[in-house]
Engineer: 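Pasting a structure here, questions to come.
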Amino acid sequence: MPRQPDPWTATINFVTRFQQRFPDDRGHFGPYGGRFVAETLIDPLQRLEAAYWRLKDDPQFRAELDRDLSLYVGRPSPLYPAERLSAKWGGARIFLKREDLNHTGAHKINNTVGQALLARALGKTRIIAETGAGQHGVASATVAARLGLKCVVYMGAEDVQRQSPNVYRMKLLGAEVIPVTAGTRTLKDALNEALRDWVTNVDDTFYIIGTVAGPHPYPMLVRDFNAVVGREARRQSLEMLGRLPDALVACVGGGSNAIGLFHPFLDDTGVAMYGVEAGGLGLPSGKHAASLSAGRPGVLHGNRTYVMSDDDGQILSTHSISAGLDYPGVGPEHAWLKDIGRVTYTTVTDEQALAAFHELARVEGIIPALESAHALAYAAELAPRLPRDAALVVNLSGRGDKDIFTIAKREGIELL
Amino acid sequence: MTAVAIQSPAGGGSRIDVRLRHLASQGRKALIPYITAGDPTPRMTVELLHALVAGGADLIELGVPFSDPMADGPVIQRACERALNQRTGLGRVLEMVTEFRRRDGDTPVVLMGYLNPVETMGMECFAERAHRAGVDGVLIVDWAVDELEPMVAPLRTHNIDRVLLLSPTSSESRVAEIAGHASGYLYYVSLKGVTGSDRLNVDSVAEKLQQVRRHSRLPVAVGFGVRDAATAHAVAAVADAVVVGSALVATVERHLGAPQQLAGALTAQLAELRSAIDSQRIIS
């Protein structure tokens with residue numbers, strides 16, 4: 001069968017060295033990204049950007065970051081060949097990038113370790129963060145405790161309910177958790193509230209955004225701090241297989257774990273990439289969080305990207321069983337990667353994610369986060385369609401301990 | 001795009017220019033009230049706009065409700081929620097302005113809100129419909145000057161002023177850049193914070209306004225943190241215009257159970273602010 005012309009191959013003629021070209025100097029990924037915030041925040045964003053450019057390649061900063069990632073976070077995380085799962089699903093060999101084994105149990109710590117070093121370099125004494133599933137809140141509280149910084153975490157009131165173990169973890173780490181009761185009481189409202197805090201306390205406060213969204217330079221620097229995931233996976237794949245993998249799969253809410261895995265492979269045209277959004281109760285139901293698959297371009301939280309909004313431009317409430325994916329926007333780089341066809345974005349439903357959650361626990365002895373279970377569920381569809389010698393890397397972005405109460409409740413089991 | 005100041009979109013000056021120049025010639029300061037469209041109900045908004053004018057408003061900022069008002073404090077957040085619960089979208093807000101214009105052809109109206117509703121309608125379509133409705137200016141909070149470009153031509157074509165924000169954190173070069181892109185008036189955010197904060201420091205406002213005036217001849221309005229006659233009086237001493245928002249929206253909220261008394265209450269509140277501002281009339 002003749003190969004279809006690949007839109008990516010055409011694009012790459014213009015966009016060589018993608019990794020170094022985006023965003024542009026105003027924070028744009030094609031038509032997306034940018035800096036759409038109230039004027040008060042422009043100056044701190046410019047200072048953050050300047051500090052980042054100054055420190056990014058500074059040998060001392062890099063050495064400290066590398067040391068933290070290795071000795072505190074526990075990197076590199078393994079690339080684990082899931083033999084039994086591969087046999088069960090058939091087709092491609094499945095490898096799991098074990099971000100669940102990081103300190104605090106998810107990829108989120110890669111970014112907070114980096115941003116905390118930036119906060120210290122800028123002389124800030126107070127950290128704020130927003131959180132959905134609570135993983136980023138825990139990762140922020142963790143680094144704040146370690147550096148002796150005050151930490152305030154904003155969390156939607158609904159998420160406080162469904163992720164109570166993480167709320168308690170943050171408190172144990174010395175952070176103040178503020179439930180947000182405005183709007184839909186989820187991640188987007190926590191982000192609004194964190195931005196309001198920042199605009200009020202901009203002199204002493206550093207805002208650690210947890211995903212590749214927000215105003216420039218956040219999508220860039222959160223990506224760069226998470227790209228260690230993809231760099232390791234690339235090296236590990238070459239060591240184990242003698243070649244690159246054929247496909248990468250990661251879940252996408254804001255998109256930080258996905259961009260972290262994808263980014264170092266963007267120039268490898270032979271590597272297919274799949275971003276899996278939360279399909280909730282199914283796209284036709286309207287109860288989902290699939291902004292790339294079912295949203296439209298718009299402006300939210302400081303950047304232009306795909307958002308879930310109605311005909312009046314109001315942001316819609318979203319639904320996902322997974323708090324970490326329950327967000328009506330997505331990182332602007334994903335919007336761009338979708339438009340140019342480099343990454344394929346798709347969805348799986350709550351039910352599919354739950355099935356994959358149970359399957360991984362029973363077959364491989366690993367309890368995944370509900371977010372990561374979305375990536376697994378798509379891998380279950382994709383693997384059988386690929387040949388047996390194909391290699392599929394799934395980002396197991398976090399562990400599922402935080403979700404056991406949600407799962408138990410759904411199954412009618414009462415835990416304490 | 002060059003940083004040449006566009007003081008007036010039309011030859012004779014916009015409704016905003018005319019109004020603010022007239023006040024300045026009398027040595028008076030402008031009073032600019034803000035309310036959120038659709039709050040407490042869409043049907044009351046036009047009546048409330050007239051009530052504001054009756055109390056002494058020189059220009060009105062009408063809030064376009066948005067689901068994620070990230071620069072607003074709790075008072076205006078709740079107003080947005082009330083308005084959106086009654087489906088007050090941008091199209092409906094434009095209809096309200098059209099209706100207001102049937103009885104008031106003089107008081108300038110500036111729409112204040114966030115970008116996504118405008119982008120969803122489309123820049124060109126919005127500018128054309130806003131002009132037809134009788135809107136004189138727009139102030140879009142999350143539209144920093146860096147991203148302004150796509151909006152400039154449609155707004156200029158339809159003679160709608162671009163009111164831009166300045167803040168305590170704006171550097172001097174940034175003030176110059178923003179001043180070069182604004183028309184109508186400049187809006188100085190008096191404090192680091194959200195709408196309805198209570199940290200106003202008039203001395204630091206006065207200092208910053210001196211810097212602003214080195215870069216622009218546009219009138220400068222000061223808002224965020226003006227909540228009563230005393231703060232309005234203090235701000236009027238240093239600014240060309242005083243913006244009052246959350247304090248009025250709080251009045252709306254207090255009258256949710258007694259809507260028939262709301263218009264009178266707003267008129268009275270405006271009149272008090274008016275006399276506080278006028279009590280220091282400066283003849284220049």
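Being a predicted model, the structure only gives us computed values, none of them experimental. Letters A, B, ... mirror the listed sequences (proteins, then strands); counts begin at 1.
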Engineer: Looking at B:Val189, B:Ile140, B:Leu84, B:Leu166, which makes the most heavy-atom pairs under 4.5 Å with chain A?
Structural biologist: B:Leu84

Engineer: Can you list everything that forms a side-chain contact (heavy atoms from CB on, under 4.5 Å) with B:Thr98? Sequence neighbours excluded, please.
Structural biologist: B:Arg102, B:Ala133

Engineer: So for atom CD, which belongs to A:Gln161, do other residues, nucleotides or ligands contribute more than 12 heavy atoms lying within a distance under 6.0 Å?
Structural biologist: no

Engineer: Is it the backbone or the side chain of B:Leu165 that comes under 4.5 Å from a heavy atom of chain A, or both, or neither?
Structural biologist: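 Answer is both: backbone and side chain atoms of B:Leu165 are under 4.5 Å from chain A.
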
Engineer: Between B:Leu90 and A:Asp312, is the side-chain contact (heavy atoms from CB on, under 4.5 Å) condition met? List the steps.
Structural biologist: CA-CA 6 Å; B:Leu90 179 55; A:Asp312 280 330; 5.6 Å; no

Engineer: Counting only non-hydrogen atoms closer than 4.5 Å, does B:Pro74 touch chain A with its backbone (N, CA, C, O), its side chain (CB onward), both, or neither?
Structural biologist: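 No part of B:Pro74 comes within 4.5 Å of chain A.
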
Engineer: Please state whether the side chain, the backbone, both or neither of A:Ile42 comes within less than 4.5 Å of a heavy atom of chain B.
Structural biologist: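 The answer is the side chain of A:Ile42.
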
Engineer: Calculate, to the nearest 0.5 Å, the distance between atoms OG and CG belonging to B:Ser67 and A:Leu316 respectively.
Structural biologist: 8.0 Å

Engineer: What do the steps show when you test A:Lys188 against B:Asp68 for side-chain contact (heavy atoms from CB on, under 4.5 Å), and what is the final call?
Structural biologist: CA-CA 8 Å; A:Lys188 85 172 173 74; B:Asp68 294 78; 2.9 Å; yes

Engineer: Whether the side chain of B:Asp142 engages the backbone of A:Phe36 through a donor-acceptor N/O pair (distance < 3.5 Å, no angle test) should be reported.
Structural biologist: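 No; judged by distance alone, with no hydrogens or angles, the pair does not exist.
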
Engineer: In terms of heavy-atom proximity below 4.5 Å to chain B, should A:Thr40 be classed as side chain, backbone, both, or neither?
Structural biologist: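 It is both, since atoms from each part get that close.
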
Engineer: Determine whether a donor-acceptor pair (N or O, by modelled atom type, separation under 3.5 Å) exists between the side chain of A:Arg196 and the backbone of B:Val194.
Structural biologist: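 No.
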
Engineer: Given a strict heavy-atom distance threshold of 4.5 Å, which part of A:Asp203 is in contact with chain B: side chain, backbone, both, or neither?
Structural biologist: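 When you check distances to chain B, only side chain atoms of A:Asp203 fall under 4.5 Å.
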
Engineer: Quick check on B:Arg214: does its CZ atom have over 12 non-hydrogen neighbours (other residues, nucleotides or ligands) under 6.0 Å away?
Structural biologist: yes

Engineer: Apply side-chain contact (heavy atoms from CB on, under 4.5 Å) to residues B:Phe66 and A:Ile315 and explain how you reach the verdict.
Structural biologist: CA-CA 8 Å; B:Phe66 183 50; A:Ile315 305 304; 3.9 Å; yes

Engineer: Over all heavy atoms of both residues, which pair between A:Val37 and B:Met70 is shortest? Give the atoms and the distance, please.
Structural biologist: CA-CE, 4.0 Å

Engineer: Test your reading of the model: is there a side-chain donor-acceptor pair from A:Gln314 to the backbone of B:Pro117, 3.5 Å cut-off?
Structural biologist: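 Such a contact is absent between A:Gln314 side chain and B:Pro117 backbone.
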
Engineer: Measure the CD-CZ distance between A:Gln46 and B:Arg174 for me, rounded to the nearest 0.5 Å.
Structural biologist: 5.5 Å

Engineer: So for atom CD, which belongs to B:Glu207, do other residues, nucleotides or ligands contribute more than 12 heavy atoms lying within a distance under 6.0 Å?
Structural biologist: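 Not more than 12 within 6.0 Å, no.
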
Engineer: Below 4.5 Å, heavy-atom pairs only: which of B:Gln77, B:Arg78, B:Glu81, B:Met121 has the largest tally toward chain A?
Structural biologist: B:Gln77

Engineer: As an exercise, state the distance from CG of B:Leu164 to CD of A:Glu39, rounded to the nearest 0.5 Å.
Structural biologist: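 Separation between the atoms: 9.0 Å.
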
Engineer: Ignoring hydrogens and angles, tell me if any N or O in the side chain of B:Glu147 forms a donor-acceptor pair with the backbone of A:Arg35 under 3.5 Å.
Structural biologist: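 Yes: the side chain of B:Glu147 pairs with the backbone of A:Arg35.
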
Engineer: CZ of B:Arg87: more than 12 outside heavy atoms within 6.0 angstrom?
Structural biologist: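 For B:Arg87, atom CZ is not crowded (no more than 12 foreign heavy atoms under 6.0 Å).
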
Engineer: Treating A:Asp43 as the side-chain partner and B:Ser170 as the backbone partner, does any N or O pair qualify as donor plus acceptor under 3.5 Å?
Structural biologist: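 Between the backbone of B:Ser170 and the side chain of A:Asp43 there is no qualifying donor-acceptor contact (under 3.5 Å).
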
Engineer: Hey, could you give me the OG1/CG distance between B:Thr120 and A:Asp310, rounded to the nearest 0.5 Å?
Structural biologist: 8.0 Å

